[in-house]
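Residues take their numbers from the sequence shown, with the count starting at 1.
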Amino acid sequence: MAEQKLAERNIPGMMNRSQRFAEVEHAENAGATLKRIGVYFVKEKIMVCGMLAVVIFGTLCGVYAPSLQSNAIDIIAKTREGNLTTTLILMTVVYLFYSGGQLLQGLISARLSQSIVKRMREELFDKLMDLPIRYLDTHSHGDVMSRMTNDIENISTTVSQSLPSLFSGVLTVAGTVAIMLWYCWQLALLSFATVLLTVFATKTLSNKVRKFSRKRQMLLGQLNGAVEEMIAGYRTVVAYNHQEITTEEFCKTSDSLTKAGIRTDAFSGVMGPVMNCIGNIGFVIIAAFGGYFSVNGLISVGVISAFIVYAKQFSRPINEIAQVYGQLQTAVAGAERVFMVIDERNEDKTGEAFQETGNATVMFQNVQFSYEPSRPVLHDFTLTVPSGKKVALVGATGSGKTTVVNLLMRFYDIDSGEIFVNRQNIKDISRDDLRKNVAIVLQDTVLFSDTVLNNLKYANADAGMDEIEEAVRMSRCKEMIEMLPQGYDTFLTGSGDNISQGQRQLLAIARAFVADPEILILDEATSNVDTRTEKAIQDAMHMVMQNRTSIVIAHRLSTIRDADIIVVMDHGRIVESGDHDTLLSQKGKYYDLYMTQYAGNAT
């Protein structure tokens, strides 16, 4: 993080030396990725052509200006005829055009990069909105976010900075080589000898920097992790008197990081002086041999001056091209990761409309399901949830309760068997239409950075204030909202971090009530509220669930004692079912769970 913040403070287009030679990422199929990136450039062909025209014009000005300088010097030395004033004015105009071209090039490339990245970012976000739940459950959320942020940003930086530098560098090298050979091919070849030395030095030093930079980044990650872990678990550290041990471990990692940092900065810091030294060697060669050629009448003094400028122009783009090549590889690798997400198959949302009949009987028939082929979660699961009844699913963690809900919502498709709602197979129903008629309150409450009112309307954008206030009253959070600074207009920051977990749970329940669904699912919906609030919510739920098909997942059995049917699950199978009193009298699995919670029996 420290390295990232340092990079963010740098001037756009500038990098510290260790970043220039950091480890380069490589795409698995660079050719195909480049073709797909090319499609985005084609859509912005006007700006691309404009940028290329400006780059060519600017490069020609940059290559032509030293020739005018050479002419001016020769006119002063009286070895060339011409008007000095006219030459100086022309040279000034050319340099002004060159500077203007650089400015215009930066503006166009910035506009081009943002246009391309905007298209790519929108495509990626649209894809994320259409991905099946399975994809996000099986991929690191941090990795998905990295593709949206870091990878996209790498592409943007490359388009705005690296590509213009690459085009300009190639043209500058080609133009400089041509004009140097035209002036004096002997002196040009002698000047080019320093290029081999530059390439060798760059390769040797950059390899060293990459080696120690990788080590530094690894140690920096370890150090940040240790600090974060210590701060989060500080009470435990103090409670067990581990301050000295923790400090020793931190200092050990910090010492290693310091050594790696010194070596990285030392080798990267040497790069500039070495390049300057090689450049000065080139100037000495030009001065010595140029003077010899001038004395022998092969070239003029002005040509020597031009050669010194051209030698600098020649070496600078070579170093830039070497750096740009690494950035291009990283950007192509990032684009490949972005395209991998874009190429994922969308969630299938085709299907027929949900048939609303005023009741909703849910039937699971011989359902088999597994998240991974070799590890089945539900085995021959058969269950009927009668219309207007409250069915509770209980059991140990991992028994398959939440999986039942995931299958009913079609977050996942079953391996075999059938699920019906009103005798309508849910695989034939459009996912969107099915979910419009099912409201769910999850154990992990999700609110959005928006006002309380907009969070409540998330389930039903067309809901009026009367409906919202009724839902709020029934969910027993009216008083809580009135106590907020701006009431319904209170802005929830950081997904609701400015209110308590219990308050977030109440708002989530109210949001489900606003949806007024055919089927209501409560997955540990009262797990984060106090006992008094829980009792109030249970009374409210009893009212809301009347004549509404409800499925409740609960660990606290106090919340489901009034359920019409209690289904006890174990390892993906139904082992018991019935009402509360019947299951207690059987003294089976439910009895054991109940006695564990309320009679103090050991587990």
Side-chain angles (χ1 to χ4, degrees), residues 362-371 375-386 388-409 412 419 440-445 501-502 505 508-509 512 519-542 544-545 548-603:
V362 179
M363 299 175 59
F364 293 81
Q365 293 184 352
N366 308 114
V367 172
Q368 301 276 353
F369 176 75
S370 58
Y371 294 102
R375 300 176 61 184
V377 177
L378 294 183
H379 309 266
D380 195 27
F381 183 83
T382 299
L383 172 68
T384 298
V385 182
K389 300 296 183 181
K390 175 182 177 181
V391 174
L393 303 179
V394 301
T397 301
S399 59
K401 304 184 297 298
T402 300
T403 298
V404 173
V405 172
N406 287 340
L407 298 180
L408 178 58
M409 294 289 292
Y412 292 84
I419 303 176
I440 184 169
V441 180
L442 298 171
Q443 180 178 1
D444 297 325
T445 305
Q501 178 64 41
Q505 198 96 53
I509 293 170
I519 302 170
L520 180 63
I521 299 173
L522 304 171
D523 186 353
E524 283 295 318
T526 60
S527 61
N528 293 307
V529 296
D530 58 82
T531 306
R532 182 178 178 180
T533 305
E534 180 184 44
K535 179 64 171 63
I537 292 176
Q538 285 181 21
D539 295 340
M541 287 180 177
H542 183 73
V544 175
M545 290 179 181
R548 192 190 306 274
T549 305
S550 306
I551 299 176
V552 180
I553 297 175
H555 287 297
R556 285 195 279 187
L557 302 185
S558 61
T559 61
I560 48 90
R561 291 182 61 173
D562 63 337
D564 298 296
I565 303 173
I566 298 174
V567 176
V568 184
M569 298 184 63
D570 186 36
H571 293 92
R573 292 183 171 87
I574 297 176
V575 293
E576 290 178 339
S577 65
D579 60 28
H580 173 74
D581 294 332
T582 301
L583 292 177
L584 281 182
S585 65
Q586 292 177 359
K587 294 191 175 182
K589 193 76 173 178
Y590 182 80
Y591 177 83
D592 293 339
L593 290 172
Y594 185 84
M595 296 304 290
T596 298
Q597 289 190 21
Y598 295 103
N601 284 9
T603 55

Exercise. Hey, could you give me the CE/CG distance between Met363 and Leu383, rounded to the nearest 0.5 Å?
Key: 10.0 Å

Self-check item: Interatomic spacing from CG in Asp523 to CG in Leu393 - rounded to 0.5 Å
Solution: 9.5 Å

Exercise. List the atom of Asp564, the atom of Asp579, and the distance in Å for their closest heavy-atom pair.
Key: O-CB, 4.0 Å

Quiz prompt | Residue pair Tyr591 / Leu584: nearest heavy atoms and the distance that separates them | solution = CD1-O, 3.5 Å

Quiz item: What heavy-atom pair brings Gln368 and Leu378 nearest, and what distance separates the two atoms?
Solution: OE1-O, 3.3 Å

Quiz prompt | Distance, nearest 0.5 Å, that separates OH of Tyr594 from CD1 of Ile566 | solution = 10.5 Å

Quiz prompt | Counterpart residues, salt bridge (Lys or Arg N to Asp or Glu O under 4.0 Å), relative to Asp380 (two or more places apart) | solution = none

Quiz item: Say you draw a straight line from NZ of Lys587 to CG of Asp592; how long is it, rounded to the nearest 0.5 Å?
Solution: 10.5 Å

Quiz item: Who pairs with Lys589 by side-chain contact (heavy atoms from CB on, under 4.5 Å), at least two apart in sequence or on another chain?
Solution: Val568, Asp570, Val575, Glu576

Quiz item: Would you say Ser370's side chain and Arg375's backbone share a donor-acceptor pair under 3.5 angstrom?
Solution: no

Practice problem: Decide if the gap between the ring center of Tyr412 and the ring center of Tyr371 is smaller than 6.0 angstrom. | Solution: yes

Self-check item: Lys401 side chain vs Gly395 backbone, donor-acceptor pair below 3.5 Å
Solution: yes

Quiz prompt | Contacts of type side-chain contact (heavy atoms from CB on, under 4.5 Å), residue Ile440, not counting sequence neighbours | solution = Val405, Met409, Leu442, Ile521

Self-check item: Euclidean distance, Ser399 OG relative to Ile553 CD1, rounded to 0.5 Å
Solution: 9.0 Å

Quiz item: Donor-acceptor pair, Lys389 side chain versus Ala563 backbone, under 3.5 Å?
Solution: no

Quiz item: Minimum heavy-atom separation for Val394 to Ala554, with atom names?
Solution: CG1-O, 3.7 Å

Quiz item: Rounded to the nearest 0.5 Å, how far does CZ of Phe364 lie from CG of Leu407?
Solution: 6.5 Å

Quiz item: So which heavy atom on Leu520 is nearest to which on Ala512, and how close?
Solution: CD1-CB, 4.1 Å

Exercise. For residues Pro386 and Ile565, report the shortest heavy-atom separation together with the two atoms involved.
Key: CD-CD1, 4.0 Å

